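To start, the structure itself, in structure tokens.
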Amino acid sequence: MSETLADDPIVALQTKFPAATSRDSRDHPAVNVPIAEAHAALQWLRDEQGYDFLVDVTAVDWSETTSPRFTTVWHLYSTSNHVYIRVAADCADDAEPSAPSITSLWPSANWHERETWDLMGVKFENHPDLRRILMWDEYPHHPLRKEFPLAGIETELPDIEVAEETNAKVISAPMMGGPFVASNKGEMNMTDAEPRAKDESWNEKKPKPE
Amino acid sequence: MVSPNTNIAFDNKIEGDVVVSRLDAVVNWVRTNSMWPMPMGLACCAIELMGSAAARFDIARFGAEVMRFSPRQADCMIVAGTVTYKMAPHLRRIYDQMAEPKWVIAMGACASSGGMYRSYATLQGVDRIVPVDVFVSGCPPRPEALLDALIKLQDKVKRTPSAANLIA
């Protein structure tokens with residue numbers, strides 16, 4: 001493996017992949033690449049630039065009205081040069097986004113990609129075992145998508161037998177006017193008060209005013 | 001010297017080795033003082049549960065020190081921690097495998113009501129899937145609170161018409 005690090009990894013990447021563009025970043029160098037070139041670009045960064053450590057694989061949902069809606073993000077680190085780089089690629093399909101799996105480059109990407117599939121619904125092509133990792137296999141939603149409410153959507157319990165026995169369901173959690181705050185401008189005495197909802201004008205029985 | 005426990009039996013020394021009691025009292029005496037817990041430790045409450053089993057709080061003083069990780073050998077399931085929807089069916093199955101008579105203590109805010117986890121992933125109170133005898137407040141409750149719950153559960157068991165249930 002070559003350990004020579006280019007002065008500017010973005011420029012070096014752009015000479016190799018002309019379609020790559022610089023990406024706004026507050027911390028580490030960041031680059032946008034076309035999703036079709038993502039696998040090759042990551043492999044090049046690993047093999048030629050010494051970014052040998054995969055820090056994170058995740059995705060961004062920009063909201064259901066934005067297109068492209070989903071962006072897959074990879075964070076790499078060089079254990080020899082001690083620098084990070086962020087690589088992002090917009091997913092082509094807004095309804096069923098997909099991205100290339102990089103488990104062939106870093107085996108540790110396996111669970112990261114399963115988590116991103118579970119919570120954001122980004123399908124990783126050529127993943128060896130793309131199952132949900134946090135929610136149960138039959139769960140019908142991807143909870144970190146923008147249109148998914150924090151309280152959840154009513155569905156069946158993972159186990160049908162137990163669901164029949166107990167009549168329990170996955171319900172949307174009672175939010176009761178949350179978010180819950182410990183103090184509103186300091187007027188609450190914490191020794192005799194629990195955290196309160198910011199807006200208490202509505203609850204489970206009384207709908208939220210428009 | 002052992003003092004006579006008049007709640008359980010009447011021993012006036014008249015009958016020699018014979019002790020007069022009620023079947024309910026004897027059965028409940030046995031049940032209350034050897035209540036083996038099934039430690040369903042799912043989150044930080046489990047650490048307090050361990051604390052109540054250790055030397056300072058010593059749950060053995062109340063006959064509940066034998067933590068059994070097999071549901072077949074346990075009497076009282078202590079649900080200590082956050083129950084996710086993914087975990088809920090397993091918890092119910094473990095409860096179903098416990099032999100009668102069996103009891104449940106919901107330890108802490110999460111097990112009792114979902115606690116601070118008002119979320120798509122968390123069961124909003126373990127009483128939705130298993131019958132709970134005692135709820136313990138706190139996040140997490142101190143070991144004294146758990147011991148108090150155990151004593152309250154023992155009081156409840158002492159009031160149970162056990163003999164009628166056994167014969168019926």
Side-chain angles (χ1 to χ4, degrees), chain A residues 114-115 118-121 131-182 190 194-200 202-204 208, chain B residues 38 40 42-45 71 77 79 81-106 108-133 135-142 145:
Chain A
R114 282 178 63 186
E115 184 185 352
D118 188 356
L119 301 179
M120 300 293 263
R131 285 176 297 129
R132 285 178 178 272
I133 193 167
L134 294 168
M135 307 302 282
W136 56 99
D137 287 345
E138 301 82 23
Y139 191 68
H141 308 288
H142 298 291
L144 285 194
R145 286 192 172 184
K146 288 281 189 215
E147 81 271 14
F148 188 89
L150 175 62
I153 297 171
E154 188 170 305
T155 41
E156 296 300 319
L157 274 187
D159 190 318
I160 298 162
E161 274 181 56
V162 169
E164 279 173 3
E165 179 80 17
T166 59
N167 285 324
K169 282 186 140 190
V170 176
I171 57 156
S172 37
M175 299 304 285
M176 287 209 293
F180 301 93
V181 288
M190 285 308 292
E194 293 274 305
R196 296 278 164 81
K198 248 180 183 168
D199 176 10
E200 295 189 331
W202 60 287
N203 55 36
E204 279 93 342
K208 188 178 183 179
Chain B
M38 162 81 225
M40 197 75 207
L42 301 172
C44 35
C45 278
M77 178 188 263
V79 185
T82 318
V83 187
T84 59
Y85 282 118
K86 197 175 178 180
M87 190 66 192
H90 306 298
L91 187 142
R92 173 69 200 199
R93 277 182 191 277
I94 290 168
Y95 174 80
D96 284 341
Q97 288 176 32
M98 287 165 61
E100 295 275 359
K102 53 190 171 183
W103 299 276
V104 178
I105 294 175
C110 292
S112 303
S113 71
M116 67 175 184
Y117 297 104
R118 300 258 184 250
S119 126
Y120 58 87
T122 307
L123 184 71
Q124 300 294 307
V126 77
D127 56 329
R128 290 174 191 271
I129 53 161
V130 290
V132 176
D133 294 283
F135 294 91
V136 190
S137 66
C139 183
R142 281 195 56 87

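Chain letters run A, B, ... following the sequence lines, proteins first and then strands; every chain starts at 1. For clarity, every value in this text was computed on a predicted model and none was experimentally measured. The analysis underlying the following values was restricted to heavy atoms, covering all of them including side chains, and did not include hydrogens, waters or symmetry mates.
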CG-CG distance between B:Leu123 and A:Leu157, expressed to the nearest 0.5 angstrom | 7.5 Å
Identify the heavy atoms of A:Ala168 and B:Ile129 that sit nearest to each other, and give their distance.
-> CB-CG2, 3.8 Å
Over 12 non-hydrogen atoms of neighbours within 6.0 angstrom of CD1 in A:Ile153 | yes
Within the distance-only criterion (no hydrogens, no angle test), does the side chain of B:Lys86 pair as donor or acceptor with the backbone N or O of A:Pro158 below 3.5 angstrom?
-> no
Are any of the side-chain heavy atoms of B:Arg128 and A:Ile171 separated by less than 4.5 Å?
-> yes
Answer yes or no: are there more than 12 heavy-atom neighbours, outside A:Phe148 itself, under 6.0 Å from its atom CZ?
-> yes
Scanning both residues in full, the closest heavy-atom pair of B:Tyr120 with A:Met135 reads CD1-CE, 3.7 Å
How about B:Arg93 and A:Asp159: do any of their side-chain heavy atoms sit closer than 4.5 Å?
-> yes
